[in-house]
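Below is one structure; the comments refer to it alone.
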Amino acid sequence: MDRIFLQILNMSITASIVIVFVFVVRVFLRKVPKVFSYALWFVVLFRLLCPFSFESTYSLLPTKENSISQNILYKNTSSMDTGVTLIDDAGNETSPLATKESSENPIQMWIFIGSFLWIFGVGVLLSYSLITFFRLKRCLKTAIRYKDNIFLSDRIETAFVMGMFRPHIYLPFHLKESEREYIILHEQTHIKRLDPIIKVISFLVLCIHWFNPFVWIAFFTSGKDMEMSCDEAVIKKIGNHKKKEYSTSLLNLATGRNIVGCTPIAFGEGDTKSRIKNVLHYKKPTFWVMLFTLFVIVFVGIGLLANPVQKSIELPNIKEVERIQVEQVQEGNSLGQLRISDETEMEVLLHSLANGKLTRRQSVNDLPNVKNYFKIEIFVDDPQTFYLYNYK
């Protein structure tokens with residue numbers, strides 16, 4: 001369970017960076033159809049659900065490495081994991097054995113407590129949601145069929161869709177006939193776009209990442225973009241000349257209490273003021289604006305989906321190396337230096353270093369900020385110094 005919790009934490013951290021990017025991009029997309037902003041939230045959903053992705057030089061993310069290593073569950077703080085086998089083997093031989101007593105540390109205890117609280121929070125959210133759903137379902141037993149999958153009820157004050165694979169539309173009785181048709185068209189658009197399924201998946205993801213405030217903000221903001229993009233789709237069907245009538249129908253529903261806010265299988269409409277404002281200001285953009293916006297969305301989407309390509313350490317040719325000096329430092333104290341001048345041994349070490357990867361936490365030609373590391377000096381015409389340590 002602790003491993004799953006750490007993986008969720010890493011996914012949540014990466015997704016938080018993506019969420020910030022999406023909010024920045026949304027600022028520049030505020031005057032274009034909301035369907036483009038809505039599309040960007042699928043990148044966030046992917047990052048919150050999938051622990052891996054493809055690599056690309058066009059990635060907009062700062063790092064690929066997990067912020068929190070799974071190794072923290074099993075290794076003591078003095079174990080080495082530099083990515084260079086030759087160095088790791090030498091360092092771990094001189095490190096204390098990872099006994100049960102030595103491997104336990106406050107971080108592992110906090111991880112255990114955190115994983116317990118995480119599971120508890122997920123259970124609370126799911127339980128509350130199910131209780132709310134069944135209460136609503138019981139309330140709708142008196143609803144009467146209007147036509148097809150559309151029902152009317154005198155016990156609700158707002159319209160909503162209920163169900164994933166066989167969704168039903170529920171409307172309050174007080175709507176006028178003309179208003180009712182507009183709202184039905186809106187809800188049918190939701191169903192055609194599979195929004196009920198997307199909403200349920202989004203809610204389940206929110207339950208998993210409930211501890212992350214960025215995910216809560218993203219959940220509600222993406223819901224607004226979903227509703228506004230659906231409103232715009234309806235306006236395209238009924239025409240701009242019916243904007244006011246459509247806005248009036250939204251306003252009449254605004255007095256209704258959103259009784260399905262925490263019920264993922266039934267979701268209603270919210271933030272009516274912003275939706276009406278968006279409807280009244282909606283104008284179909286020109287072809288070139290649409291094309292440029294689509295290009296921006298694709299570019300940003302790929303950049304946020306992709307992980308950055310890791311760069312290998314650049315090393316000199318073995319023929320240019322005079323000698324290599326390795327110094328191990330443990331708990332801030334030097335354990336001695338090893339000078340290597342044999343060409344075969346230097347070649348083996350350089351080959352191991354070449355297979356290492358540069359990360360944000362690996363220090364190259366700079367002093368490390370940890371107590372356990374290897375200092376490797378390569379003597380050539382222009383000497384190079386590397387500091388390798390447990391950066392995973």
Side-chain angles (χ1 to χ4, degrees), residues 6 10 52-59 61-99 102-103 105 107 306-392:
L6 288 181
N10 284 315
F52 54 85
S53 186
F54 61 95
E55 291 186 351
S56 173
T57 55
Y58 299 104
S59 175
L61 299 181
T63 178
K64 172 188 175 181
E65 294 294 332
N66 289 333
S67 300
I68 306 174
S69 171
Q70 296 282 353
N71 296 334
I72 198 173
L73 296 173
Y74 311 107
K75 294 185 177 182
N76 55 30
T77 56
S78 61
S79 61
M80 302 299 297
D81 188 7
T82 64
V84 181
T85 305
L86 186 64
I87 300 298
D88 293 340
D89 293 342
N92 291 327
E93 288 179 0
T94 59
S95 299
L97 294 176
T99 62
S102 64
S103 63
N105 56 60
I107 295 180
N307 290 327
V309 178
Q310 289 183 296
K311 298 179 181 179
S312 298
I313 299 174
E314 296 182 3
L315 297 171
N317 190 293
I318 183 62
K319 296 181 180 180
E320 301 175 356
V321 179
E322 298 177 4
R323 70 180 188 277
I324 300 177
Q325 184 169 291
V326 180
E327 179 183 8
Q328 182 180 359
V329 177
Q330 187 169 306
E331 295 299 321
N333 299 317
S334 175
L335 299 183
Q337 298 179 345
L338 175 64
R339 293 186 179 183
I340 304 175
S341 57
D342 182 79
E343 184 175 346
T344 302
E345 294 179 356
M346 290 193 300
E347 187 173 4
V348 172
L349 180 55
L350 288 177
H351 178 72
S352 298
L353 287 173
N355 291 330
K357 298 293 184 179
L358 291 175
T359 70
R360 293 176 62 194
R361 291 191 58 196
Q362 183 180 15
S363 181
V364 179
N365 296 328
D366 190 12
L367 289 176
N369 57 357
V370 295
K371 294 181 178 181
N372 302 325
Y373 60 90
F374 278 91
K375 177 182 179 181
I376 304 175
E377 295 179 276
I378 303 176
F379 291 88
V380 289
D381 292 337
D382 184 15
Q384 299 183 22
T385 303
F386 296 88
Y387 295 89
L388 302 179
Y389 54 92
N390 187 354
Y391 58 84
K392 292 185 177 181

To the nearest 0.5 Å, what is the distance between [atom1] on [X] and [atom2] on [Y]?
X	Y	atom1	atom2	value
Q328	N333	CD	CG	11.5 Å
L335	Q330	CG	CD	5.0 Å
I340	Q325	CD1	CD	10.0 Å

**Prompt:** Take atom CD in Q337; do more than 12 heavy atoms of anything else shown fall under 6.0 Å from it?
**Reply:**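 For Q337, atom CD is crowded (more than 12 foreign heavy atoms under 6.0 Å).
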**Message:** Is it the case that over 12 heavy atoms from other parts of the model lie below 6.0 angstrom from the CZ atom of F54?
**Reply:**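 Buried by this count: over 12 neighbours within 6.0 Å.
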**Request:** List for me each residue that meets side chain to side chain donor-acceptor pair (under 3.5 Å) alongside E320, sequence neighbours excluded, and say none if there are none.
**Result:**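 If we apply the side chain to side chain donor-acceptor pair (under 3.5 Å) test to E320, skipping adjacent residues, there are no hits.
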**Item:** With R323 via side chain to side chain donor-acceptor pair (under 3.5 Å) - residues at least two apart
**Value:**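 If we apply the side chain to side chain donor-acceptor pair (under 3.5 Å) test to R323, skipping adjacent residues, there are no hits.
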**Request:** Identify the two heavy atoms, one from A306 and one from S59, that lie closest to each other, and give their separation to 0.1 Å.
**Result:**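 Taking A306 first and S59 second, the nearest heavy atoms are O-OG, 2.7 Å.
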**Message:** Which heavy atom of I318 sits nearest to which heavy atom of M346, and what is that distance?
**Reply:**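 Shortest heavy-atom separation between I318 and M346 comes out as CD1-CB, 3.7 Å.
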**Request:** Have a look at I324 and tell me which of L338, L349, D342 forms a side-chain contact (heavy atoms from CB on, under 4.5 Å) with it.
**Result:**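 Passing option: L349.
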